[in-house]
Amino acid sequence: MKKTYDIEVDCANCAAKMEEAVKKTEGVKDATVSFMTLKMKVEFEEDAEEKAVMKKAQKACKKVERDCEIYY
């Protein structure tokens with residue numbers, strides 16, 4: 001399953017770091033974060049619980065940028 005989310009991110013460098021952090025999140029098959037469009041695209045592993053995975057992804061992104069928000 002693939003989903004697109006709105007994300008608040010302050011710079012392109014942070015977006016790249018967040019992308020790498022989300023890719024390492026359990027339940028995520030692939031992810032991209034675009035600073036230009038303020039969108040995050042996530043492809044989930046089979047049988048992954050979307051909300052649980054996105055909570056972990058949010059936590060990973062907040063380690064990069066404390067005020068980051070993902071709207072899911």
Side-chain angles (χ1 to χ4, degrees):
M1 167 177 60
K2 292 182 184 181
K3 290 261 191 150
T4 302
Y5 304 93
D6 292 326
I7 186 170
E8 287 183 21
V9 59
D10 294 335
C11 71
N13 187 40
C14 291
K17 289 179 181 178
M18 287 179 195
E19 182 175 306
E20 287 305 310
V22 172
K23 284 181 178 182
K24 294 177 184 174
T25 302
E26 184 181 338
V28 174
K29 190 173 186 179
D30 194 27
T32 58
V33 178
S34 172
F35 171 67
M36 295 299 290
T37 62
L38 297 177
K39 299 283 184 191
M40 174 188 285
K41 293 181 182 178
V42 179
E43 183 176 354
F44 296 93
E45 297 282 350
E46 267 188 55
D47 301 328
E49 172 29 72
E50 177 191 357
K51 289 198 186 284
V53 171
M54 290 309 296
K55 278 188 176 187
K56 292 176 190 173
Q58 174 84 44
K59 192 173 184 178
C61 287
K62 285 192 177 278
K63 287 181 181 177
V64 175
E65 190 175 284
R66 215 181 309 158
D67 62 346
C68 170
E69 288 295 330
I70 302 172
Y71 301 99
Y72 58 94

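All values derive from a computational prediction rather than experimental measurement.
The residues K29 and E46 are annotated as not salt-bridged, no charged nitrogen and carboxylate oxygen being separated by less than 4.0 angstrom. Using a 4.0 Å cut-off between charged nitrogen and carboxylate oxygen, K23 and E19 count as a salt-bridge pair.
Checked by atom type and distance alone, the side chain of Q58 pairs as donor or acceptor with a backbone atom of I70 at under 3.5 Å. With hydrogens and angles ignored, the 3.5 Å screen pairs a side-chain donor or acceptor of S34 with a backbone N or O of T37. Using a distance-only test at 3.5 Å, with no hydrogens or angles considered, no donor-acceptor pair links the side chain of E65 to the main chain of D67.
Smallest separation of non-hydrogen atoms from V53 and A48: CG2-CB, 4.0 Å. Smallest separation of non-hydrogen atoms from A15 and F35: CB-CB, 4.0 Å.
Between K41 and K3, every side-chain heavy-atom pair lies at or beyond the 4.5 Å cut-off. With a 4.5 Å cut-off on side-chain heavy atoms, M18 and I7 count as touching. Considering only heavy atoms from C-beta on, F44 stays 4.5 Å or farther from K2 through its side chain.
Hydrophobic clustering, with ILVMFWY side chains joined whenever heavy atoms are under 4.5 angstrom apart, groups V22 together with L38. A chain of hydrophobic side-chain contacts below 4.5 Å, direct or via other Ile, Leu, Val, Met, Phe, Trp or Tyr residues, connects M1 to Y72.
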Practice prompt. Starting from the C-alpha separation in whole Å, work towards a yes-or-no answer on side chain to side chain contact (heavy atoms under 4.5 Å, CB included) for M54 and M40.
Written response: CA-CA 11 Å; M54 290 309 296; M40 174 188 285; 4.3 Å; yes

